[in-house]
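Right, one structure below, let's go through it.
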Amino acid sequence: MRPIAPDVYEVCAADGTSVARVDRRAARILPWPPRRVRWSALLTGPQQSVTGPVGTWYAWLLYVVTAPIWFLFALCVMVYSLFDGTADDCNFWSPARTRWCTAGAGTLLDYRRLSKNYRYVAPSLDNRVAYALAVLRSWDQEG
């Protein structure tokens, strides 16, 4: 796997031939309409396109609707930690489930943050591409 451009990677075989091109489309709020982070891979061999938006629509809806409550909770925890003397790290994660799908084959690779594992449908997607998608998704989560 090697970077070609910002958020664009090329997955190569052991002999150096290109297996797939992986793109990460960044999220945005404005201009309207907002959009989620989306991972896509274009396989060079059997011309197959795999896409995986981050988070489900209903998880993002719940996240946005309850955001004011989480903000107040975080503010209360911060004030409490000032009096208590502890530096608690309050992380409120956004929805993260990522399902890589393709037309006709359904879900090929599925990531869930709560269980922290990937479910892989072996014959439908090249092992090297699945591994590259998992690694890039994990790197994206850390940064």
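In this text, all values refer to a predicted model and were calculated from it rather than measured experimentally. Positions are given from 1 along the sequence.
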* To do: State which residues pass side-chain hydrogen bond (donor to acceptor under 3.5 Å, both in side chains) with Thr51; sequence neighbours excluded, sorted by chain then number.
  => none
* Asked: How would you list, by chain and number, every residue that makes a side-chain hydrogen bond (donor to acceptor under 3.5 Å, both in side chains) with Arg128, sequence neighbours excluded?
  -> Asp126
State, with a plain yes or no, whether a side-chain heavy atom of [X] is found less than 4.5 Å away from one of [Y].
X	Y	answer
Arg21	Val8	yes
Val22	Met1	no
Arg2	Cys12	yes

Minimum-distance pair of heavy atoms, taken over all atoms of [X] and [Y]:
X	Y	answer
Arg36	Val54	CD-O, 3.2 Å
Pro53	Arg99	CD-O, 3.9 Å
Ala130	Tyr120	CB-CE1, 3.5 Å
Thr98	Gly52	CG2-O, 3.7 Å
Ala96	Tyr111	O-CD2, 3.7 Å
Asp15	Thr17	OD1-OG1, 2.9 Å

Considering residues at least two apart in sequence or located in another chain, which fulfil the salt bridge (Lys or Arg N to Asp or Glu O under 4.0 Å) criterion with [X]?
X	result
Arg24	Asp7, Asp140
Arg119	none
Arg97	Asp110

* **Hydrophobic cluster (4.5 angstrom, side-chain heavy atoms) - remaining members for Trp57** => Tyr58, Leu61, Val65
Can you hop from [X] to [Y] via hydrophobic side chains spaced under 4.5 Å?
X	Y	value
Leu133	Val135	yes
Trp139	Tyr118	yes
Leu82	Val77	no

* Let me know which of Leu109, Thr107, Leu108 forms a side chain to side chain contact (heavy atoms under 4.5 Å, CB included) with Cys101. => Thr107
* Qualifying residue, where the test is side chain to side chain contact (heavy atoms under 4.5 Å, CB included) with Leu43 and the options are Val50, Val11, Val19 -> Val50
